[in-house]
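Below: one structure, written as structure tokens.
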Number of protein chains: 2
Amino acid sequence: MARWEPGTRARLQAAALELYATRGFEQTTAEQIAQAVGLTERTFFRHFSDKREVLFDGQEAFLRAFLDGLDAAPPGSSPLEAVASALATAAALFPDERRAHSRLRQTVIDAEPALQEREVHKRAILAATVARALRDRGVDEPAATLAAESGATVFWVAFAQWIAAAETRSLAELTADVLDRLRGLAVAPVVTRGVVPGAVPGGS
Amino acid sequence: MARWEPGTRARLQAAALELYATRGFEQTTAEQIAQAVGLTERTFFRHFSDKREVLFDGQEAFLRAFLDGLDAAPPGSSPLEAVASALATAAALFPDERRAHSRLRQTVIDAEPALQEREVHKRAILAATVARALRDRGVDEPAATLAAESGATVFWVAFAQWIAAAETRSLAELTADVLDRLRGLAVAPVVTRGVVPGAVPGGS
DNA sequence: GTCTATAGTGCGATAGAC
DNA sequence: GTCTATCGCACTATAGAC
């Protein structure tokens, strides 16, 4: 391992993130990313199936964390208890040191619909995988899908909070809080702020 | 409205769905779709921003139904009660006559990752819009997002059931059932089928 | 309606690692 | 010799600019 620099993928990812953040996703060509790390466009596409995918690597580890968390839940746990365990395990993948990086990456994604599409697709795959794992644990449908989608939603709501400007709490703390709020949804039948009738102008 | 054939968009959509279903999405070029209805490729892209979008038109009406359903909920309703109202209104957009068409369309989408990305993106936009409407009704965060995402999940779970092979129940009936199951999730702490310890081979 | 950049693919050639 | 990462080149279709 001397002829070629190791960590090619990681260097392509870093270069892509920086270029997307500065010039914008559409204005950045695959050739520019490749040249930034001394490679050709063709090599870029050998590592990543398309320009979007370079920002969505490492989701496998994230998915595995979720599944490991499910496995860690004691047998006989309710679907939501198992999901709570998965959330805690997954949240541990995002220590505070990663916060700045996650923030920059999300800024890039939020600026580009094409990237948002890829992101929600990855999120959908996660939820579907968790649902399958729950079914394997003996949870029937539609409970498995509902619990899995709810867990995913809790994670992304907490994640958005975690990378919000002034936020300092850990992701683990935030996921636990949001999960509690979800539990309260089904049983708390009152709105918390004052209702303003007619505040939503109905169209048509 | 006499110089050109009316319903151009609808005819392009029908031709696209048929071609995607027979030749496959990737194997179908925009030019083929356009020529199938006597137009040029350029005209296709004037009506639809890309090849995927031709399958995702009419989401505005769907979104409006959801919002109208929210408005129909009495002031002071809980977030989930408001969502239940929205689900009923939205489900009414899918009478049984549409079932066959929805089935074919979903078959095409399920066969192509690029189309799945667009679909989940549209679903995400729906959930975000519902969340905003709930905030306008006085629901705070994260309750608004949690309720909106839960409502969206309920709809799509019910929708998948509605277009399943042997299904005959109406979409309205199915959304109501799935919503009840969701309500039970947070309070029902037991799995319904027998738990088989060790049934999930834990890796590593 | 034409013209063009570029995303993304297929295949072959090269060259180091083993 | 095999295996694998990289490069080079030709090519199509998308999508947007003019």
Side-chain angles (χ1 to χ4, degrees), chain A residues 1-60 108-109 111-122, chain B residues 3-5 8-9 11-57 59 108-109 111-119 121-122:
Chain A
M1 51 167 79
R3 185 62 178 144
W4 293 293
E5 287 294 326
T8 304
R9 288 175 74 88
R11 285 183 300 124
L12 280 170
Q13 286 173 355
L17 178 60
E18 190 189 326
L19 285 166
Y20 292 169
T22 54
R23 320 204 159 186
F25 174 78
E26 292 275 11
Q27 312 330 314
T28 305
T29 68
E31 190 179 18
Q32 289 171 343
I33 301 168
Q35 287 184 343
V37 297
L39 296 171
T40 67
E41 181 193 67
R42 195 67 189 82
T43 303
F44 174 88
F45 283 115
R46 253 185 62 78
H47 284 275
F48 304 100
S49 54
D50 59 50
K51 267 177 69 184
R52 300 159 203 78
E53 195 63 18
V54 68
L55 284 184
F56 295 91
D57 220 33
Q59 298 270 311
E60 313 75 39
V108 170
I109 293 171
E112 179 63 44
L115 293 173
Q116 292 164 39
E117 290 194 12
R118 179 61 51 87
E119 177 173 61
V120 291
H121 189 219
K122 296 283 184 178
Chain B
R3 211 137 96 98
W4 298 287
E5 282 295 325
T8 303
R9 289 176 72 90
R11 285 183 300 125
L12 281 169
Q13 286 173 351
L17 178 60
E18 190 189 326
L19 285 167
Y20 292 170
T22 54
R23 322 205 157 183
F25 174 78
E26 291 276 11
Q27 313 328 314
T28 305
T29 68
E31 189 179 18
Q32 289 171 343
I33 300 168
Q35 286 183 344
V37 295
L39 297 171
T40 67
E41 180 192 69
R42 188 67 188 78
T43 306
F44 175 88
F45 283 114
R46 257 176 42 81
H47 283 276
F48 303 100
S49 55
D50 59 51
K51 266 177 70 183
R52 301 164 199 78
E53 195 61 19
V54 67
L55 284 183
F56 295 91
D57 221 31
Q59 298 270 310
V108 170
I109 293 171
E112 179 62 44
L115 293 173
Q116 292 165 38
E117 291 194 10
R118 179 59 51 87
E119 176 173 62
H121 189 221
K122 296 283 185 179

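Protein chains get the first letters and strands the later ones, always in sequence-line order, with residue 1 at the start of each.
- Residues forming a side chain to side chain donor-acceptor pair (under 3.5 Å) with B:Thr28 (at least two apart in sequence, or on another chain): none.
- Among A:Glu53, A:Glu60, A:Glu117, the single residue meeting the salt bridge (Lys or Arg N to Asp or Glu O under 4.0 Å) criterion with A:Lys122 is A:Glu53.
- A:Phe25 is not listed as a side-chain neighbour of A:Ile109, based on a closest heavy-atom distance of 4.5 Å or more.
- B:Asp50 has its CG atom 12 Å from the C1' atom of D:dG16, to the nearest Å.
- Across all strands, B:Arg52 comes closer than 4.0 Å only to sugar-phosphate atoms, never to a base (heavy-atom distances).
- Put simply, CZ on A:Arg42 is 11 Å from P on C:dC11, counting in whole angstrom units.
- With rounding to whole Å, A:Arg46 atom CZ is found 16 Å from C:dG12 atom P.
- Contact between the side-chain N/O atoms of B:Lys51 and the OP1/OP2 oxygens of D:dA13 is not found at any separation under 4.0 Å.
- For B:Phe45, counting side-chain heavy atoms from C-beta on, the closest listed nucleotide (D:dG16, D:dA15, C:dT9) is D:dA15.
- Within the structure, a side-chain polar atom (N or O) of A:His47 is placed less than 4.0 Å from OP1 or OP2 of D:dT6.
- In this structure, B:Phe44 atom CZ and C:dG1 atom C1' are separated by 18 Å, rounded to whole Å.
- In this structure, A:Arg118 CZ and A:Leu55 CG are separated by 10.0 Å, a value rounded to the nearest 0.5 Å.
- Atom pair A:Glu26:CD and D:dT14:P shows a separation of 16 Å (rounding to whole Å applied).
- If you measure from atom CZ of B:Arg23 to atom P of D:dA13, you get 13 Å, rounded to the nearest angstrom.
- Among B:Val54, B:Asp50, B:Thr8, B:Leu39, the one residue that satisfies the side-chain contact (heavy atoms from CB on, under 4.5 Å) test with B:Phe44 is B:Val54.
- Rounded to whole Å, atom P of D:dT14 lies 9 Å from atom CD of B:Glu31.
- The residue B:Thr43 sits apart from the nucleic acid: no heavy atom pair falls under 4.0 Å.
- Listed nucleotides D:dA15, C:dA7, C:dG1 differ in distance to A:Thr29; the shortest reach to its side chain belongs to C:dA7.
- A:Thr8 has a side-chain polar atom (N or O) that falls below the 4.0 Å cut-off from OP1 or OP2 of D:dT6.
- Here D:dT14 presents its C1' atom at 15 Å from CD of B:Glu53, a figure rounded to the nearest Å.
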